[in-house]
2 protein chains.
Amino acid sequence: MSGSPIRVMIADDHEALAASLLAVLDQEDDMVGVGVAGTIAQARAMVGSSAPDVLLLDHRMPDGDGVAAIPELLRQRPGLRIAVLTASPGDHLLVEAIEAGACGFVSKTRSLGEVTAAVRAAASGEAVISPELLARLLPRLHGGGPAQKQLTEREREVLDLVAEGLSNAAIAERLVVSVHTVRNHIANLSAKLGAHSKLEALAIAVRQGLLPGR
Amino acid sequence: MSGSPIRVMIADDHEALAASLLAVLDQEDDMVGVGVAGTIAQARAMVGSSAPDVLLLDHRMPDGDGVAAIPELLRQRPGLRIAVLTASPGDHLLVEAIEAGACGFVSKTRSLGEVTAAVRAAASGEAVISPELLARLLPRLHGGGPAQKQLTEREREVLDLVAEGLSNAAIAERLVVSVHTVRNHIANLSAKLGAHSKLEALAIAVRQGLLPGR
DNA sequence: CACTGTCTGGTACCTATCTACTAGGCGCGG
DNA sequence: CCGCGCCTAGTAGATAGGTACCAGACAGTG
C-alpha cells in the first residue's frame, strides 16, 4: 500500500456524481483516479487504456446491464478488481454479480469513508460487501443452496415482455410460441417470485430491480 | 457573485456520491457546501439550520417523493432556489416540479461543469434546465396546455396500489370503496396514461418513473 | 345559479387470465 | 440409456378484469 497508488476508475451513467466521487478519491494519498466512463462501451475502452486496479461499476448503464459486462471486462484485464456500485440491489443481482466475478458491492447510500475503505479492501484482494447488503445475501447461502429459485432464460425473456405491458397473446406472438406456453412460463416464474398473477409478478420484479431500463 | 459565496446544499439518498459532489462544489471559489441530507426529513431540518441559497434535490428519497416536499421547503425558507437532481425524469415530473416551485433541473448524467454552472445560474435567479430536458418539456408547453393529462389524487393512489400487485378487489378493500369505483379509476388513469390494461398502465408508470420506491 | 370535474356506485356483456393437470420433444449429465 | 429439467402445447372450468354505458353527491368556479 506504500508502493504505487491504487488506480481507480468509475463507470456510472451519472457522470457529474461519478466525476465528483473520483475527484474525492483522487485526493486520497494512496489512490489516483484514472477515469470516468458513462457507458459500458466507454468502460471497455478505458479499462484497456487506463489500466485501473479497481473499477467501481454501476449496475445500470445506458447501453446495458453493468453486471453482464463483468466477465468481459475481467477477460480484458485479468486481475482487475470490480466492485458493483448499487442503489437498491435486487437480491438476485448480488448473486449474479459475484458469480460473474465481481469482488463486492458498494451501496451508494453509504458514507464516503466506507467507499474509500471499500476501494482499499478491493485493491488488496479482499471481498467488499457492506453489512447492509451482506445481511441480505447470507440467508441465500446457508439456505442450503438455491433458496431463491432463479428464473430460466426463457422465463426472464417472458418477464421482460410482461414488463412492457403486453398481453399473453402479444407475448406469444413476439416469441413465436402458443399462448399456452406463455401461460406456463408465467405460471412458473410467478411461482418462483411468490406471485399469484402476472401483475403481482411484475410488481415484485420491479421492486427487486430485476428489470433493465428505467 | 463577488459578494458572499453561494451556500449549496444537496439532498440525495446516495450519500457517498452527494458528499463527493458537494466537496467538489465547495472547492469552487464562489461556493460553499453547507450540507448533505439523505432523507427528506433531514433536508427539512437542514434547510432551517444551514441556510442554503441553492438546494440540489433528488426526486427520489427513501422517505418520500422529493418533488412533493418542495412547497414545504420553500415555505420554510422563502427565496431558496431548488433545482431537482434527476437521473431519468418522467415527463410529468418536470411539470410537477416546476409547478411546485423548483427553478429547474439538473440531469445527473451531465458533466461536472454543467452542474456548477447550473448552481450559479440558480443562485442568480435564472431558470436551470439542461437542453436535453428542455427538449422534452417544450412539446408539452406549446401543445396548447395540458397536453399531458395528469392523474388525480385518487387515481395516483390507485396506481400505487396497482404497483403493489393488488387485485381490483384488494384495492377496493384497502380504499374502502366498491370494486366498481376502483374499476372506474383504473379505466380513467389507464386512458390518461395511454394504456389498455392495468398491467400496461403499470409498465408505463414504471418507465416514466411515476412510482416511489425501487 | 349553472357548469365542471371528481369520487362514488351501478349494470351488462365479453375477454383475458388463472388454476390444475396432462404430455411430448429435446438436451445434458450420471 | 435413463432420468431430469426445460420448452413446448393442450384442455376445461372458474374468476378477474376490461368495455361501455349511466347517474347521484359534492366542491369549486364563472
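Letters go in sequence order (proteins before strands), and every chain restarts at 1. Just so you know, these numbers use all the heavy atoms, side chains as well, and skip hydrogens, waters and symmetry mates.
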Just to be sure I understand the rule, does A:N188 reach a base, reach only the sugar-phosphate, or reach nothing, if contact means heavy atoms closer than 4.0 Å? nothing
Under 4.0 Å from OP1 or OP2 of D:dG10: is there any side-chain N or O of A:S178 that close? yes
Grab the CD-C1' distance between B:E200 and D:dG17 for me, whole Å please. 14 Å
Heavy-atom nearest nucleotide on DNA chain C for B:E153 versus A:S190: which residue maps closer to 5'? B:E153
Tell me the interatomic distance from B:R154, atom CZ, to D:dC26, atom C1', rounded to whole angstroms. 15 Å
What nucleotide, of C:dC7, D:dC7, D:dG18, holds the atom closest to the side chain of B:E155? C:dC7
May I ask you to evaluate whether B:H180 reaches the phosphate of C:dG9, defined as a side-chain N or O under 4.0 Å from OP1 or OP2? no
When every non-hydrogen atom of B:L189 is compared with those of B:A201, the smallest separation belongs to CD1-CB, 4.1 Å
Closest to the side chain of A:V177, out of D:dC21, D:dA9, C:dC18, is D:dA9
Can you tell me the distance, in whole Å, between the CZ atom of B:R183 and the P atom of D:dC21? 16 Å
Nearest-Å distance, CG (B:L189) to P (D:dG17)? 14 Å
Using atom CG of B:L175 as one end and atom P of C:dT6 as the other, report the distance to the nearest whole Å. 17 Å
Nearest-Å distance for atom pair CD/P, residues A:E173 and D:dT8: 16 Å
Rounded to the nearest angstrom, tell me the gap between atom CG in A:N168 and atom C1' in C:dC18. 10 Å
Nearest 0.5 Å please: distance from the CG atom of A:L73 over to the CD1 atom of A:I40. 8.0 Å
May I ask you to decide whether B:E155 forms a salt bridge with B:K192, counting only side-chain N to carboxylate O separations under 4.0 Å? yes
Would you say B:T152 reaches C:dC7's phosphate, i.e. side-chain N/O to OP1/OP2 under 4.0 Å? yes
Can you find a side chain N or O atom of A:T181 that sits less than 4.0 Å from OP1 or OP2 on D:dT8? no
In whole angstrom, give the distance that lies between atom NE2 of B:H196 and atom C1' of C:dT17. 18 Å
Give, for atom CD1 of B:I82 and atom CZ of B:R77, the distance between the pair rounded to the nearest 0.5 Å. 11.0 Å
Tell me which nucleotide among C:dC18, C:dG9, D:dG10 gets nearest to the side chain of A:N184. D:dG10
N-O pairing of B:D58 and B:K108 below 4.0 Å: yes
